[in-house]
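These notes are about the structure you will find just below.
When a ligand or atom number is given, it counts from 1 through the structure's own listing order.
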Amino acid sequence: MDQRLTPGLYIVATPIGNLGDITMRGVEILRGVSAVACEDTRITGRLMQHLGLKQRLIRYDDHADENAREKLLALMSAEPVALVSDAGTPLVSDPGYRLVREARERGIAVTSLPGPCAAIMGVTLSGLPSDRFLFAGFLPSKDKARGDALAELGAVPATLIFYETSPRLIDSLTAIAQVLPGREVAVARELTKMFEECRSGQPEELIAHYSAHPPKGEIVLLIGPPVAKQATMEDAETMLRAELQHAKASQAAAAVAKATGLDRKELYALAMRLK
Ligand code: SAM
């Protein structure tokens, strides 16, 4: 064990496909801890073998009984312990939340080593607006619950990110076409792996593509934010009538042009006719 590591919990992100994506600091921490808590000892065992490391692996998930969590908390208050998940960033649709919460409440040092995360890679690849995004885990599998979730989240002015499985992709795209028509969608599949792809378009186009080419592997599904409806000249006329109650034609045209993005000169001509 590397004596320089202080006791505590070290949350370590691991690759989501390409093993080269583990960070240098992630490897150093895994080398320096006395144990690694993981979801599946066989999967993490393969990563450790690839890295030439032989640390003790302890199976952990948030459904573990109190006794198992207590033992782990006792260990990390005395020694450095890493937490990893099968792939990517622990706690992101993966176990760890309860452990981190308990550790923090007990004053155990907790730090996190950033690294691969499919949701973040998906949003960076998709070409969808990335200034605001909302990660919502997996959509429900039942039709009604999935539709309700899409209707609720669809109102949020942000790009939506979901984790998805290949057998359920077409059902989810169909639900998006019904509940959020006209929204741009992206499917980011097999990220960092040999058959990585990111395909975007209207849900109907993606349904047609994936019906002809059934998708395999792991998927991040993204939905672009709601697009403000382009105002028509009819909308503008209603707005101009209201403005003209208290403003000159030029001022009314300027205000409505700013609000709608419509042409100011055309709006001025309309305002003059309405006066
Ligand atoms: N903690 C992980 C992370 O940081 O991305 C996610 C764990 S979650 C249980 C697994 C889901 O993440 C998969 O079903 C898939 O939706 C998504 N995922 C994981 N790896 C992926 C990859 N290489 N390409 C696309 N999606 C991936």
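Residues Asp235 and Thr232 bring a donor and an acceptor atom of their side chains to less than 3.5 Å of each other.
Looking at ligand 1, you won't find any N or O of Ala188 less than 3.5 Å from one of its N or O atoms. Of the N or O atoms in Ser85, none lie within a sub-3.5 Å distance of an N or O in ligand 1. Where the criterion is an N or O separation shorter than 3.5 Å, residue side chain and backbone included, Leu191 meets it with respect to ligand 1. Geometrically, ligand 1 and Tyr163 share a nitrogen or oxygen pair separated by less than 3.5 Å. By the 3.5 Å distance cut-off applied to N or O atoms, Val92 is counted among the residues near ligand 1.
By the criterion of side-chain heavy atoms lying less than 4.5 angstrom apart, applied directly or through intervening Ile, Leu, Val, Met, Phe, Trp or Tyr residues, Leu150 is grouped together with Leu173 in one hydrophobic cluster.
Interface of Cys117 with ligand 1, defined as ligand atoms under 4.0 Å from a residue heavy atom, comprises 4 (O), 5 (O). Heavy-atom contacts of Thr89 reach the following atoms of ligand 1: 1 (N), 3 (C), 4 (O) (cutoff under 4.0 Å). Of all atoms in ligand 1, listed by their number and element, those nearer than 4.0 Å to a heavy atom of Phe138 are 11 (C), 14 (O). Of all the atoms in ligand 1, the ones that sit under 4.0 Å from a non-hydrogen atom of Glu190 are 24 (N), 25 (C). With ligand atoms numbered from 1 in the order given, ligand 1 contributes 1 (N), 2 (C) to contacts under 4.0 Å with heavy atoms of Ala87. Annotation for ligand 1: atoms under 4.0 Å from non-hydrogen atoms of Gly88 are 3 (C), 4 (O). Against a heavy-atom cut-off of under 4.0 Å, Lys193 is close to the following atoms of ligand 1: 23 (N).
Ranking protein heavy atoms by distance to atom 7 (C) of ligand 1, first place goes to Asp94 OD2, 3.3 Å. For atom 9 (C) of ligand 1, the closest non-hydrogen atom on the protein side is Ser93 O, 3.1 Å. The protein atom (non-hydrogen) at minimum distance from atom 18 (N) of ligand 1 is Ala118 CB, 3.5 Å. Summary of contacts: the protein heavy atom closest to atom 20 (N) of ligand 1 is Glu218 OE1, 3.3 Å.
The neighbour count for Met233 CE, taken as heavy atoms of other residues, nucleotides or ligands under 6.0 Å away, is above 12.
In this structure, Ile219 has a heavy atom closer than 4.0 Å to ligand 1. Between Thr165 and ligand 1 there is no heavy-atom distance shorter than 4.0 Å.
Side-chain N or O atoms of Glu152 include none that pairs as donor or acceptor with a backbone N or O of Asp148 at under 3.5 Å.
Residues Ala109 and Pro7 approach most closely at CB-O, 3.9 Å, considering heavy atoms. A pairwise comparison of heavy atoms in Leu222 and Val220 identifies CD1-O, 3.9 Å as the closest pair. Leu139 and Ser172 make their closest contact through CD1-OG, 3.9 Å (heavy atoms, listed as atom of the first residue, atom of the second, distance). For the residue pair Pro215 and Ser166, the shortest heavy atom distance occurs at O-CB, 3.2 Å.
Within the 4.5 Å cutoff, the side chain of Arg146 has heavy atoms near those of the Asp143 side chain. When side chains are defined from C-beta on, Ile176 does not count as touching Leu206, because their heavy atoms never get closer than 4.5 Å.
Applying the side chain to side chain donor-acceptor pair (under 3.5 Å) test to residues at least two apart or on different chains, the pairs with a partner in residues 9-18 are Thr6-Tyr10.
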